[in-house]
Asker: 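Structure in structure tokens, see below.
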Amino acid sequence: MDTAKERYQGFLEQMGEDSFLLPYKEACQRIQRKLEEINAAYSKQLGRTFISQITFRIKTPESCLNKMLKKKYHIEKEAAQERLNDISGVRVVCNFLDDIYKLVEILKEDEEVEIVKTKDYVKKPKASGYQSLHVIVLIPVQDVLKKKVEIQIRTQAMNFWAVVEHHFVYKKGNYGKNEFEKDLKECAKAIYKIDKKMLLLRERMESAQMTEQRTG
Ligand code: 0O2
């Protein structure tokens, strides 16, 4: 009978095989290309940068295993495929709050993209203070397969917070025991206020620009 250690080792090996990973990589690349096209079109239409950063990553086999153990899923490749939403992860950083929602609307219109789940941690931040909008989509790859991709959409300020918190707290898995959590939560709240203020400021500046052009 195999031990848990052997089973985990077998799982890690399967998850690291090219035949497993390549469709997830292709899914990320397809979403990335799509987002680049959207960005080019909308930046032109809006006369400003719509998306300031698009990155992607494939979750490592170790990270998949840790998440599956945490969630008490069966440690099997099929369970990972079915239950993990973020083996393919794409991160999109916008300048303004309203652009997050504009992008979701654009994705909804895309015939190739099927939205299966939306998690709005902007309207309802996580207990940590984490803000981001997650859209889990299905995208066709290799003509027949469909793969899930988690698209995380957030502002630059939210991203700054998430990257710092991810490094020092989230990945350490010690939420609820950390002396920095109160300050991080305060920063998250301040960031939301700044994001709202920057949006209002942009709207005022756009309206002043329009008036100037009309009266010009
Ligand atoms: P990593 O290392 O970033 O990949 P579900 O989709 O409901 O089955 P899941 O995937 O736990 O469950 O959903 P959730 O909570 O939306 O988290 C998905 C990802 O969001 C996480 O992936 C993180 O990338 C990010 N995230 C969620 N909560 C926080 C948080 O409090 N702080 C930071 N910095 N990021 C967060 P992973 O796989 O947990 O981690």
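All ligand and atom numbering here is 1-based and tracks the order in the structure. Excluded from the calculations below are hydrogen atoms, water molecules and symmetry mates; all remaining heavy atoms, backbone and side chain alike, are included.
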Asker: Any side chain to side chain donor-acceptor pair (under 3.5 Å) pairs touching residues 64-77, not counting sequence neighbours?
Answerer: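 As it turns out, the side chain to side chain donor-acceptor pair (under 3.5 Å) pairs with a partner in residues 64-77, which skip direct neighbours, are Lys67-Asp86.
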Asker: Pairing donors with acceptors under 3.5 angstrom, does anything connect the side chains of Tyr170 and Asn178?
Answerer: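 No, no side-chain donor-acceptor pair sits under 3.5 Å.
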Asker: Sequence neighbours left out, what passes ring pair (Phe, Tyr, Trp, His ring centres under 6.0 Å) with Tyr42? Give chain and number order.
Answerer: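 Ring pair (Phe, Tyr, Trp, His ring centres under 6.0 Å) list for Tyr42, sorted by chain: Phe50.
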Asker: Contact residues of ligand 1 with a heavy-atom cut-off of under 4.0 Å?
Answerer: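 For ligand 1, the residues that come within the 4.0 Å heavy-atom cutoff are Arg57, Lys59, Lys67, Lys71, Asn85, Asp86, Lys117, Lys119, Tyr121, Lys126, Ser128, Tyr130, His134, Glu150, Gln152, Ala162, Glu165, His166, Tyr170, Lys171.
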Asker: Measuring from atom CD of Glu150 to atom NZ of Lys119, what distance do you get when rounded to the nearest 0.5 angstrom?
Answerer: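 Atom-to-atom, Glu150:CD and Lys119:NZ are 6.5 Å apart.
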Asker: Enumerate, atom names and distances included, each donor-acceptor pair closer than 3.5 Å involving a side-chain atom of residues 157-168, sequence neighbours excluded.
Answerer:
| residue | atom | partner | partner atom | Å |
| --- | --- | --- | --- | --- |
| Asn159 | OD1 | Arg154 | NH1 | 2.9 |
| Trp161 | NE1 | Leu184 | O | 2.8 |

Asker: Any chance you could measure Arg91, atom CZ, to Leu35, atom CG, to the nearest 0.5 Å?
Answerer: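 The distance works out to 13.5 Å.
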